[in-house]
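Shown next, in structure tokens, is the structure this report addresses.
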Protein chains: 2
Amino acid sequence: MATVRKSRRGEILQCFTEMVAERGYDEVSVRDVAEALGISKGTILHHFRSKESLLEELHGDYMRRRLAEAHEFLAGFEDPVDQLQLIVYQLMISQRDDRAATVAFAREIVRFAGEDSMSDVRAMRAEYSALVTEIIRRGTEQGSFADVDPSLTALQLFGMCNWSWTWFEPAGAWSAGQIADEFCRTLIDGISRQAPPTELRGEVLAQAVVDAMKAHAADELSAPAGG
Amino acid sequence: MATVRKSRRGEILQCFTEMVAERGYDEVSVRDVAEALGISKGTILHHFRSKESLLEELHGDYMRRRLAEAHEFLAGFEDPVDQLQLIVYQLMISQRDDRAATVAFAREIVRFAGEDSMSDVRAMRAEYSALVTEIIRRGTEQGSFADVDPSLTALQLFGMCNWSWTWFEPAGAWSAGQIADEFCRTLIDGISRQAPPTELRGEVLAQAVVDAMKAHAADELSAPAGG
DNA sequence: GGCAACTGACCGTCCGGACGGTTAGTGTAT
DNA sequence: ATACACTAACCGTCCGGACGGTCAGTTGCC
């Protein structure tokens with residue numbers, strides 16, 4: 001059963017998604033979407049309660065797709081080393097093959113994030129994070145990975161992949177696959193158990209940075225004064 | 001010479017920065033800033049040409065600080081392994097100690113990015129990127145790092161650090177220093193020359209992801225139809 | 001006739017910016 | 001010292017325009 005007259009609901013969300021990816025949420029008005037589709041503004045608000053609910057649906061659809069995919073391809077591989085790479089490939093390939101939604105999702109990641117209307121989206125994001133965290137935990141447990149903090153490493157992974165919305169160009173010098181390859185290489189080698197790990201000296205370095213920041217924080221305040 | 005009457009210019013930019021960090025550029029109106037400071041809207045537009053120029057100055061100040069710091073602390077260390085870590089520490093510590101500006105900068109990173117008014121900011125960002133890329137290139141050259149793509153690795157570093165604006169809490173479970181430590185650990189071990197590197201199998205994994213995405217891309221279109 | 005898709009006119013609100021006018025410090029000539 | 005010119009900081013008001021959202025009504029399929 002379902003649709004009597006062919007609804008343009010899907011088209012509306014699609015167009016909205018592309019525009020948000022291009023310009024950002026508040027630079028897209030309901031008017032813009034209506035005009036681009038040659039329909040009236042009322043039609044959009046007939047299908048969607050509000051502009052905010054359009055973004056909510058955008059986020060929801062995006063997370064639903066990523067979760068469905070992840071559950072599917074993770075089932076085909078047991079090794080956490082494989083599974084973690086799958087996640088990186090997924091996030092980078094979605095930059096290419098699900099570009100508009102991915103960019104829109106990443107650039108508006110915090111918009112309405114705390115609102116009640118976004119609770120479903122929050123739950124899905126938590127589920128996805130848990131998925132990745134668990135992969136890393138299992139990798140550590142079975143001895144493939146060093147004793148890293150699983151949650152923090154997951155955030156590191158999300159960062160390197162999600163941030164690429166700011167610079168990745170599908171037709172650019174690097175393909176999504178190449179980027180994923182390099183990111184995997186670094187990430188997997190970086191957390192794989194190996195002897196001995198490179199010797200670092202964080203405290204000395206961190207102190208040097210703090211000193212430099214103190215020195216230049218003074219610049220701001222002293223600039224307008226003097227004389 | 002200099003200031004006749006004590007100007008509130010600095011306060012305006014500071015308040016604007018905090019509000020943009022909190023809510024984002026278009027959720028902050030010039031009125032909001034004026035009211036928060038108990039001054040008139042006219043005063044703000046007396047000091048700054050436009051709202052856009054406030055953001056431009058925010059970006060400019062942020063990049064100027066980071067560049068000045070970087071030039072200073074990099075001069076104290078020769079080894080690219082040290083230098084690369086310094087960059088990670090800088091970016092994470094600025095999340096803690098220069099929080100408002102860092103968050104505002106990261107969340108509005110693309111706003112007006114192509115505009116003429118932002119050409120200075122673009123130049124500074126290019127300079128900073130070149131700095132980091134060059135560190136990695138030297139590390140590879142001298143044999144500390146594997147043969148990675150320096151620019152791509154720089155983007156990976158920026159991603160993991162910059163994205164943290166979306167989740168980092170100064171009073172949260174991890175301190176900025178701990179995060180930087182872990183990120184350095186993974187990144188440095190990940191790109192350090194080591195024998196043999198973990199064996200990966202990108203093509204099989206990437207294919208599994210593409211298959212899963214194809215399968216679930218169909219969901220969208222089939223959902224409204226059927227029956 | 002019932003129902004969903006859709007229209008288009010309309011509201012109240014808020015925004016960025018412009019503008020003319022006022023106030024308070026500073027340098028200078030007397 | 002004091003009168004004057006100048007400048008920068010600051011205020012309050014106004015405006016055109018765009019925004020999200022509402023609603024009564026029309027169309028066309030079952």
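Chain letters run A, B, ... following the sequence lines, proteins first, then strands; residues in each count from 1.
Comparing dG17(C), dC11(D), dT22(D) against the side chain of I39(B) picks out dC11(D) as the nearest. The side chain of K51(B) lies closest to dG16(C) when the candidates are dA4(C), dG16(C), dA9(D). Among the nucleotides dG20(D), dG16(C), dT7(C), the one closest to the side chain of K41(B) is dG16(C).
Taking the ring axis of Y62(A) as reference, the NZ or CZ atom of R66(A) stays within 45° of it and closer than 6.0 Å to the ring centre.
Within the 4.0 Å cut-off from OP1 or OP2 of dT7(C), at least one side-chain nitrogen or oxygen of T43(A) is found. In this structure, H47(A) reaches the dC6(C) phosphate: one of its side-chain N or O atoms is under 4.0 Å from OP1 or OP2. Dashed line: the shortest gap from a side-chain N or O of S40(A) to OP1 or OP2 of dT7(C) is under 4.0 Å.
Here the P atom of nucleotide dA9(D) and the CZ atom of R9(B) are 9 Å apart, to the nearest Å. With rounding to whole Å, R23(A) atom CZ is found 14 Å from dA18(D) atom P. Summarising the geometry, the separation between NE2 on H46(B) and P on dG12(D) is reported as 15 Å, rounded to the nearest angstrom. Between the C1' atom of dC6(C) and the CD atom of E11(A) lies a distance of 14 Å, rounded to the nearest Å. Rounded to whole Å, the distance from CD on E27(B) to P on dC14(C) is 13 Å. One interatomic measurement links the two molecules: CG of L45(B) to P of dG21(C), which rounds to 19 Å at whole-angstrom precision. To the nearest angstrom, P of dG20(D) lies 12 Å from CZ of R111(A). Note: CZ (F48(B)) to P (dA18(C)) measures 16 Å, nearest angstrom.
In this structure, CG on D61(A) lies 5.5 Å from CG on L13(A), to the nearest 0.5 angstrom.
Surrounding CD of E27(A) are more than 12 heavy atoms belonging to other residues, nucleotides or ligands, all under 6.0 Å away. The environment of E115(B) atom CD is dense: over 12 non-hydrogen atoms of other residues, nucleotides or ligands sit within 6.0 angstrom.
In this structure, the side chain of E56(B) does not engage the main chain of M118(B) through any donor-acceptor pair within 3.5 Å. In terms of modelled atom types and a separation under 3.5 Å, the side chain of N162(B) and the main chain of G159(B) share no donor-acceptor contact.
Taking the charged nitrogens against the carboxylate oxygens, R99(B) and E169(B) have no contact shorter than 4.0 Å, which rules out a salt bridge.
For the segment residues 29-37 of chain B, the set of residues with a heavy atom within less than 4.0 Å of an atom of DNA chain C comprises S29(B), V30(B), R31(B), in numerical order.
Each of R8(B) and D26(A) was matched to the nucleotide of DNA chain D holding its nearest heavy atom; the match closer to the 5' end belongs to R8(B).
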